There are 2 protein chains.
Amino acid sequence: MEQNKIPQATAKRLPLYYRFLNNLHHQGKLRVSSKELSEAVKVDSATIRRDFSYFGALGKKGYGYNVEYLLGFFRKTLDQDELTEVALIGTGNLGTAFLHYNFMKNNNTKIMMAFDANPDKVGKDIGGVPIYHIDDLEKKINGVQVAILTVPAAAADGITNRLVDVGISGILNFTPARITVPDSVRVHHIDLAVELQSLVYFLKHYPLDTEE
Amino acid sequence: MEQNKIPQATAKRLPLYYRFLNNLHHQGKLRVSSKELSEAVKVDSATIRRDFSYFGALGKKGYGYNVEYLLGFFRKTLDQDELTEVALIGTGNLGTAFLHYNFMKNNNTKIMMAFDANPDKVGKDIGGVPIYHIDDLEKKINGVQVAILTVPAAAADGITNRLVDVGISGILNFTPARITVPDSVRVHHIDLAVELQSLVYFLKHYPLDTEE
DNA sequence: ATACAATTGTGAAAATAATCACGACTTATT
DNA sequence: AATAAGTCGTGATTATTTTCACAATTGTAT
Ligand SMILES: NC(=O)c1ccc[n+]([C@@H]2O[C@H](COP(=O)([O-])OP(=O)(O)OC[C@H]3O[C@@H](n4cnc5c(N)ncnc54)[C@H](O)[C@@H]3O)[C@@H](O)[C@H]2O)c1
Ligand SMILES: NC(=O)c1ccc[n+]([C@@H]2O[C@H](COP(=O)([O-])OP(=O)(O)OC[C@H]3O[C@@H](n4cnc5c(N)ncnc54)[C@H](O)[C@@H]3O)[C@@H](O)[C@H]2O)c1
């Protein structure tokens with residue numbers, strides 16, 4: 001909603017900054033410089049200052065940033081006070097791992113429900129999250145805006161269409177399938193096999209030295 | 001080693017192209033245009049042509065690309081005929097999911113061994129991969145060049161130092177910790193909480209319409 | 001043969017992102 | 001009070017990535 005002039009590259013780093021600021025705060029640190037933060041998050045300090053500057057003047061020259069103030073600012077900016085409900089589809093290896101993980105720790109997101117096609121899984125719960133049958137998706141989803149997709153690739157398109165029809169806004173897609181959605185839905189792909197393979201490619205074809 | 005003029009953005013897409021070309025080949029398709037491929041992988045067709053062009057003229061004007069030829073080319077380029085051995089550290093929720101997954105399917109990478117600190121896990125195997133005690137890391141790793149890190153964040157730095165000392169080349173880091181390594185080691189961070197949170201941020205702050 | 005439709009490869013332009021470098025200001029020290 | 005050291009915010013620059021747009025070429029149909 002607000003200002004959408006913030007570069008995407010910046011937006012992707014915000015949750016990272018937020019997490020490290022939280023760490024600093026818990027450590028009792030009162031202030032932090034872009035240089036210190038840079039060493040912690042491995043992002044160039046000029047990039048950090050530039051990122052912050054899109055939100056105005058958050059720091060003080062010669063001093064740095066007040067941890068508590070900055071944390072509070074990012075809490076608001078990242079809507080940390082508002083819970084985002086998430087549904088997970090496919091409670092296999094990967095889905096189960098996510099259900100056991102507490103995304104709430106540094107996060108305003110919570111997996112509220114899971115779906116699976118396997119009747120052995122339906123009716124149980126994992127990590128306190130109830131598992132419903134995928135046939136009941138439309139009945140149970142109840143306005144949840146974000147879905148994590150961890151079904152087999154072959155099932156990805158079908159489920160996606162149903163998620164779109166039911167009005168989902170965002171999908172975090174872990175399947176190797178590149179799903180098709182209307183422009184009103186945002187998809188982030190996390191392709192673990194590609195990540196592993198591209199790491200290997202970089203190792204073999206790039207001089208081991210600079211950047212990450 | 002070879003030409004390192006290939007842009008990083010391009011290099012990251014290569015495994016994706018490779019996988020979809022494999023799919024097409026299995027479907028018996030003989031040729032493909034950048035437009036078709038674009039619809040499948042959701043990358044602009046001009047970008048695909050540009051990516052391919054870094055490797056020379058792989059296609060034919062007015063025709064497109066020969067699937068088998070292109071596949072063979074990428075197989076060589078991505079060193080698909082050479083196995084890359086991988087070690088996984090931390091056989092918890094996420095680590096276990098990866099051990100159950102067959103990265104070999106479209107891939108030249110294989111998890112050969114896993115390590116954990118929990119004596120209940122040591123000595124067993126998951127998905128056919130033996131689990132050793134983390135104390136035996138140096139003894140067992142045997143020149144493996146790539147590690148997947150799925151330990152608790154607090155253990156990340158210690159393990160990383162040991163991996164570096166033992167001569168690792170690349171680390172796929174799933175912990176929220178931003179680990180420190182010398183320039184000779186490449187780290188790719190996959191930060192699932194950040195991915196989820198940044199998706200939520202985009203949904204709330206960006207007009208639902210263009211790009212992905 | 002010829003015409004037509006399809007599609008590449010790429011120069012040029014545009015968009016996006018990262019980095020440099022410095023003036024202005026803050027805090028700490030003497 | 002003056003000085004020194006530290007640090008931000010940002011204009012300018014550079015680097016990287018994406019996209020446009022079209023001449024050149026190919027395959028197909030008549
Ligand atoms: N596990 C990994 O390490 C890994 C790595 C890379 C990619 N992936 C991808 O992530 C996805 C999930 O992987 P996984 O290892 O958890 O697979 P999995 O087979 O363990 O789990 C898939 C789950 O989805 C359920 N399912 C199947 N069809 C369904 C449907 N139509 N509706 C609802 N649920 C359905 C199955 O019952 C199962 O519980 C796959 O697409 C896989 O390719 C996984
Ligand atoms: N599970 C998720 O969905 C998820 C999501 C986001 C991030 N992460 C991150 O991924 C990492 C792993 O998550 P998880 O859910 O699998 O955690 P987990 O606690 O289930 O597993 C961690 C494993 O590491 C082992 N371990 C602990 N200390 C060790 C050491 N020094 N050497 C070797 N092994 C050691 C533990 O015995 C355990 O088996 C964590 O850093 C977590 O923050 C996980």
Side-chain angles (χ1 to χ4, degrees), chain A residues 3-14 16-17 21 24 29-70 73-74 183 189 198 202 205-207 209-212, chain B residues 3-14 16-17 21 24 29-67 69-70 73-74 189 198 202 205-207 209-212:
Chain A
Q3 63 247 79
N4 78 339
K5 345 103 195 291
I6 283 121
Q8 300 227 357
T10 296
K12 285 198 184 166
R13 285 188 290 263
L14 297 182
L16 189 62
Y17 297 145
L21 286 170
L24 292 175
K29 283 213 85 177
L30 298 180
R31 65 157 161 162
V32 66
S33 68
S34 60
K35 188 152 161 285
E36 282 175 282
L37 203 50
S38 169
E39 278 150 25
V41 301
K42 318 285 181 200
V43 171
D44 186 271
S45 67
T47 301
I48 292 178
R49 292 199 301 280
R50 174 77 62 198
D51 283 348
F52 288 2
S53 77
Y54 292 114
F55 299 98
L58 302 177
K60 274 195 206 141
K61 296 181 178 184
Y63 173 88
Y65 301 90
N66 179 295
V67 171
E68 192 150 2
Y69 174 76
L70 203 54
F73 182 84
F74 277 119
D183 285 346
H189 297 279
S198 82
F202 279 117
H205 296 264
Y206 283 71
D209 230 309
T210 10
E211 98 298 320
E212 88 98 354
Chain B
Q3 64 248 78
N4 79 340
K5 344 103 194 290
I6 284 123
Q8 302 228 356
T10 296
K12 286 200 183 162
R13 285 186 291 262
L14 297 181
L16 188 62
Y17 297 146
L21 286 171
L24 292 174
K29 282 214 87 177
L30 298 179
R31 66 156 160 160
V32 66
S33 69
S34 60
K35 187 151 161 287
E36 282 176 281
L37 203 50
S38 168
E39 278 151 25
V41 302
K42 317 286 181 199
V43 171
D44 185 90
S45 67
T47 301
I48 292 177
R49 292 199 300 282
R50 174 78 61 195
D51 284 347
F52 288 2
S53 77
Y54 293 114
F55 298 98
L58 302 177
K60 274 195 207 143
K61 297 181 178 186
Y63 173 87
Y65 302 89
N66 178 295
V67 171
Y69 174 76
L70 204 53
F73 182 84
F74 278 119
H189 296 278
S198 81
F202 280 117
H205 296 265
Y206 284 71
D209 228 314
T210 11
E211 99 298 321
E212 88 98 358

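Sequence lines set the chain letters: A, B, ... in the order given, protein chains first and strands last, and positions in each chain run from 1. Computed from a prediction, not measured in an experiment: that's the story for all the values here.
In this structure, CG of B/Asp51 is placed 11 Å from P of D/dT19, rounded to the nearest angstrom. Atom NZ in A/Lys60 sits roughly 12 Å away from atom P in D/dC8 (whole-Å rounding). Regarding B/Phe52, its CZ atom lies at a distance of 16 Å from the C1' atom of D/dT18, rounded to whole Å. If you take NZ of A/Lys61 and P of D/dC8, they are 11 Å apart, rounded to a whole angstrom. The CG atom of A/Leu58 sits 14 Å away from the C1' atom of D/dT10 (whole-angstrom rounding). Rounding to whole angstrom units, CZ of residue B/Phe55 and P of C/dT8 are separated by 17 Å. D/dT16 atom P lies 14 Å from atom CD1 of B/Ile6, rounded to whole Å. Rounded to a whole Å, the CG atom of B/Leu30 is 14 Å from the P atom of D/dG27.
For the pair A/Ser38/A/Val43, no side-chain contact is recorded, criterion being any heavy-atom separation below 4.5 Å from C-beta on. Taking 4.5 Å as the limit, some side-chain heavy atom of A/Gln8 sits within range of a side-chain heavy atom of B/Phe202. At least one side-chain heavy atom of A/Ile48 sits less than 4.5 Å from a side-chain heavy atom of A/Val41. Within the 4.5 Å cutoff, no side-chain heavy atoms of B/Asp51 are placed close to those of B/Ile6. A 4.5 Å side-chain heavy-atom check between B/Leu30 and B/Val67 finds every atom pair outside the cut-off.
Proximity note for B/Arg50 (side chain, C-beta onward) versus C/dG11, C/dA17, C/dA24: the nearest is C/dG11. Taking every side-chain heavy atom of B/Tyr65 into account, C/dT8 is the closest of C/dT8, D/dC8, C/dA18. Proximity note for B/Pro7 (side chain, C-beta onward) versus D/dT19, C/dT8, D/dT17: the nearest is D/dT17.
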Pairing annotation in dot-bracket form, given for DNA chain C with Watson-Crick or G-U pairs under 3.5 Å and | for cross-strand partners = ||||||||||||||||||||||||||||||
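In terms of modelled atom types and a separation under 3.5 Å, the side chain of B/Ser33 and the main chain of B/Glu36 share a donor-acceptor contact.
No contact: B/Ser45 has no heavy atom under 4.0 Å from any strand. If you check every strand for non-hydrogen atoms under 4.0 Å, A/Ser34 touches sugar and phosphate atoms only.
Ring-plane geometry between A/Phe52 and A/Tyr17 is classed as perpendicular, the angle between the planes exceeding 60 degrees on a 0 to 90 degree scale with a lower cut at 30.
Across the interface with DNA chain C, nearest-nucleotide mapping of B/Gly59 and A/Val43 shows B/Gly59 to be the residue nearer the 5′ end. For the pair A/Ser53 and A/Tyr63, nearest-nucleotide mapping onto DNA chain D gives the more 5' position to A/Tyr63. Both B/Arg31 and B/Arg49 sit near DNA chain D, but only B/Arg49 has its closest nucleotide nearer the 5' end.
At C/dT19, one or more side-chain N or O atoms of A/Thr47 fall inside 4.0 Å of OP1 or OP2 (strictly under the cut-off).
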